[in-house]
2 protein chains.
Amino acid sequence: MSPDRPPRVPDDYDPADFVPFAVTVDLAVFTVRDGHLHVLLVERGEEPYRGHWALPGGFVRPRESAGQAARRELAEETGLSPDTVAGLRPEQLRTYSDPDRDPRMRVVSVAYTALLPDLPEPRGGGDAAQARWTRHDTGELGHLAFDHGRILADGRRRIGAKLEYTCLATAFCPPEFTLGELQQVYETVWGVTLDRPNFRRKVLTSPGFVEPVEGPPRRTGGRGKPAALYRAGTATALHPPLLRPEGRPTP
Amino acid sequence: MSPDRPPRVPDDYDPADFVPFAVTVDLAVFTVRDGHLHVLLVERGEEPYRGHWALPGGFVRPRESAGQAARRELAEETGLSPDTVAGLRPEQLRTYSDPDRDPRMRVVSVAYTALLPDLPEPRGGGDAAQARWTRHDTGELGHLAFDHGRILADGRRRIGAKLEYTCLATAFCPPEFTLGELQQVYETVWGVTLDRPNFRRKVLTSPGFVEPVEGPPRRTGGRGKPAALYRAGTATALHPPLLRPEGRPTP
DNA sequence: TCCTTAATGGTCAGGTTGACTATAAAGGTG
DNA sequence: CACCTTTATAGTCAACCTGACCATTAAGGA
C-alpha cells in the first residue's frame, strides 16, 4: 500500500521549509448510557503513554481523506458496519498541530466527533487494546494520552453547543424513541434538569425535529404512563434554538 | 531551518501505512468595504493554477503550529504587524484533506478565517504576487485555485452563523464605531436589511456587546444626525442570540 | 385499593421580537 | 432662508416564546 504518487517537495518553496508530517485522525465518540455521558476510549499498548487511555484513531492512509479515515477507524474500533458508521456522519471538530503533541515525531491530528445511540458494546477490533465506554463526568478517566484530554473537552463543548441550534440530539437516540429519552440526552450533555412539559412543547412545535410513530406506545421501564414514540424528523437546524438554562454557555 | 528532530515512522504501524504529508494553512480573510463583503486574494505566480486567484496561505514550518503559521502568513500577506495580527485572532475553520486537492503532492490544509476592520490596503509582501481585496458577492472572483472556492464558501457560512450568537461583528469595525456601522456589518454578511430601531435596541440591551464612548459624537458621511460612538464590550457570547430574519440559516 | 412514577395537557405572567410611528439633528438645494 | 433628504434616536403595540406552574391520565408496585 504505497502512495500512488510519491510525494515531492513543491518547487516554489525553499526545500528547507518543507517537512513531512504524519497526519492522523482522533475520534471523540459519545453516547448516553444510564443517564451519564460516556466516551469511547482505548488503552494504549505501546509507548509512549503505554497503559494510558486514549481516543481511538489512527493514521490517514495514502489515498484517503481524513473523513474517510475517521469512518474507517470508527468502524474498526466499534465493530459497527461501515454502512452504520457512514450514517453516523462523524463531524470534523478541529485540527491539533502543536509541534510537541507527539514525542515521537511531527504529527498533525484531525479530530472528529461522533454520536452513537446507545451501548453497542465495542469489540476491540483495531490496533490498540480493548475499546471501552467510559463515563465522562467522573474522575474515572484520568490523564489521557497526548493532548486527547483537550480534544475530548473541545468535543464535549461542541456537541453541547450544537444541541442548542441543531436537531443533533436525535443522533443519541435509537431509531424510535420517547420524548423522555430525548430530554435525557439534553439533560445529560448539558448537566442540567429541564422542565418536562416545556421541553415537550418546544420539541413538538419545532417543525421537522421529530415526527410521531403510528401504532401503540411503549413503556420505557415499566413505571409510569406509556410514552408515545417518535422518529427523527427531516429538519437539521432548530429555529429558534433551544437555549440551555441560565443563558450561560459552557466555558 | 531543518526540524529539530528528524521525523521517524512510528514503530507500531506498518511503514507502508505511513506517508509524509505536506501541511499548509489557508486564510479566508474578510472585511466590509463600501457595504460589500470583500475577501483577501492573491494571484498565483506558479503552476499549478498560474494566474488564478487563491487564498493567501503557505506551508507550516517545522517548529510552528498551524495557528502560528496562519498568523505569520497573515502578517506577511497584509503587511500588518504581528501584534496587530495576533489581536485579530484568526480562527480555525476546518481542515481539507482530499487526496487530490493538490495535483503536485499530498497536501493537507488547515483553513482559518480572520476578520479585518477596514481596508488596510495590503502590500503584497509574501511569496505570491500582489494581494488584493476582492468583492465576494459579484462574479468578479471566478474559479479559485485548488479547493479554495469551497473553503471560502465554508468560511462565509461560518462567520454568518457566528454573528448570530457571538459579539464577533465588532471585529469588522474600527476601534470606535457607530451603531449604523455595526448594523451594516450584519446586513452585508447576511445579505439582508434590518430594522434600525430594533437592531439598536437589541445591541444596547445585550450586556457587554458594546459600551458608549464619552465625548462628542461624529458624523459618518456628513449626512444625517451625528451618531454616538461605541467601543467593543467585554462580552464574547450573545445570549439570547441575534437571529437573522426568516429563521433560515445560510445553507 | 392506594401510592408512586412518568406522560401529557393546560394556564399565566414576563420577556423578546417584528412592525411601525414619531422626533431630532445634520447637510443639501432652491 | 425655507424646505427637503438623510440618518440617528425614542417609543408603542401586538404576536410570539419562554419559564414556572398546576392538573389529569395511565401505568406498576405495595
Side-chain angles (χ1 to χ4, degrees), chain A residues 34-35 163-165 173 176-188 190 192-207 209-213 215-230 237-248, chain B residues 34-35 163-165 173 176-188 190 192-213 215-230 235 237-248:
Chain A
D34 306 327
L163 289 191
E164 291 194 326
Y165 55 94
C173 297
E176 299 189 344
F177 53 87
T178 70
L179 293 187
E181 292 168 344
L182 186 65
Q183 180 175 350
Q184 198 170 52
V185 169
Y186 277 90
E187 293 180 332
T188 300
W190 285 351
V192 300
T193 61
L194 302 175
D195 180 84
R196 204 180 281 271
N198 289 344
F199 178 83
R200 172 187 192 76
R201 176 183 58 191
K202 175 63 181 175
V203 170
L204 292 183
T205 62
S206 296
F209 194 176
V210 299
E211 50 191 36
V213 170
R218 84 169 174 201
R219 41 178 202 248
T220 55
R223 307 274 294 191
K225 180 177 176 178
L229 288 176
Y230 295 86
L238 216 49
H239 273 267
L242 204 169
L243 298 177
R244 73 187 95 185
E246 311 251 337
R248 189 170 44 83
Chain B
D34 305 327
L163 289 191
E164 291 194 327
Y165 56 94
C173 297
E176 299 189 345
F177 53 87
T178 69
L179 294 187
E181 292 168 344
L182 186 65
Q183 180 175 348
Q184 198 170 51
V185 169
Y186 277 90
E187 293 181 332
T188 301
W190 285 350
V192 300
T193 61
L194 301 175
D195 181 83
R196 203 180 282 272
N198 290 343
F199 179 83
R200 172 188 192 76
R201 176 184 58 191
K202 174 63 181 174
V203 171
L204 292 181
T205 61
S206 295
F209 194 175
V210 299
E211 51 190 35
V213 170
R218 83 167 173 201
R219 41 178 201 244
T220 55
R223 308 274 295 191
K225 180 176 175 179
L229 288 176
Y230 294 86
L238 215 49
H239 273 266
L242 204 170
L243 299 177
R244 72 186 95 184
E246 310 252 339
R248 189 168 43 83

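Throughout, protein chains are lettered first and strands after them, A, B, ... in sequence-line order, and every chain is numbered starting at 1.
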Novice: Can a side chain N or O of Lys202(B) be found less than 4.0 Å away from OP1 or OP2 on dT17(C)?
Specialist: yes
Novice: Any chance you could measure Phe199(A), atom CZ, to Leu204(A), atom CG, to the nearest 0.5 Å?
Specialist: 9.0 Å
Novice: Side chain of Pro197(A): nearest nucleotide among dT8(C), dA19(C), dA26(C)?
Specialist: dT8(C)
Novice: For residues Leu229(A) and Glu176(A), report the shortest heavy-atom separation together with the two atoms involved.
Specialist: CD1-OE1, 3.7 Å
Novice: On DNA chain C, nearest-nucleotide positions of Asn198(B) versus Pro240(B): which is more 5'?
Specialist: Pro240(B)
Novice: Send over the distance from Leu204(B) CG to dT16(C) C1', rounded to a whole Å.
Specialist: 15 Å
Novice: Can you tell me which nucleotide in dA24(C), dT17(C), dC17(D) comes closest to the side chain of Lys225(B)?
Specialist: dA24(C)
Novice: Could you list the residues that satisfy side-chain hydrogen bond (donor to acceptor under 3.5 Å, both in side chains) with Asn198(B), not counting sequence neighbours?
Specialist: Asp195(B), Arg201(B)
Novice: Working to the nearest 0.5 angstrom, can you tell me the gap between Gln184(A) CD and Thr178(A) OG1?
Specialist: 9.0 Å
Novice: Give the rounded distance in Å between these two atoms: CZ of Arg196(A) and P of dC21(D).
Specialist: 17 Å
Novice: Please report the distance, rounded to the nearest Å, between CD in Glu181(A) and P in dA7(C).
Specialist: 9 Å
Novice: So, is Arg200(B) near the phosphate of dA10(D), with a side-chain N or O under 4.0 Å from OP1 or OP2?
Specialist: yes
Novice: Could you check whether any side-chain N or O of Glu181(B) sits under 3.5 Å from a backbone N or O of Cys173(B), counting only pairs where one atom can act as donor and the other as acceptor?
Specialist: no
Novice: Go through dC21(D), dT9(D), dA27(D) for me and flag the one nearest to the Asp195(A) side chain.
Specialist: dC21(D)
Novice: Nearest 0.5 angstrom please: Leu243(B) CG to Leu163(B) CG, how far?
Specialist: 12.0 Å
Novice: Tabulate atom names and distances for all N/O pairs under 3.5 angstrom spanning the protein and nucleotides 28-30 of chain C.
Specialist:
residue	atom	partner	partner atom	Å
dG28(C)	O4'	Arg223(B)	NH1	3.1

Novice: Please evaluate the base of dG19(D) for a donor-acceptor partner in the side chain of Arg201(A) within a cut-off of under 3.5 Å?
Specialist: yes
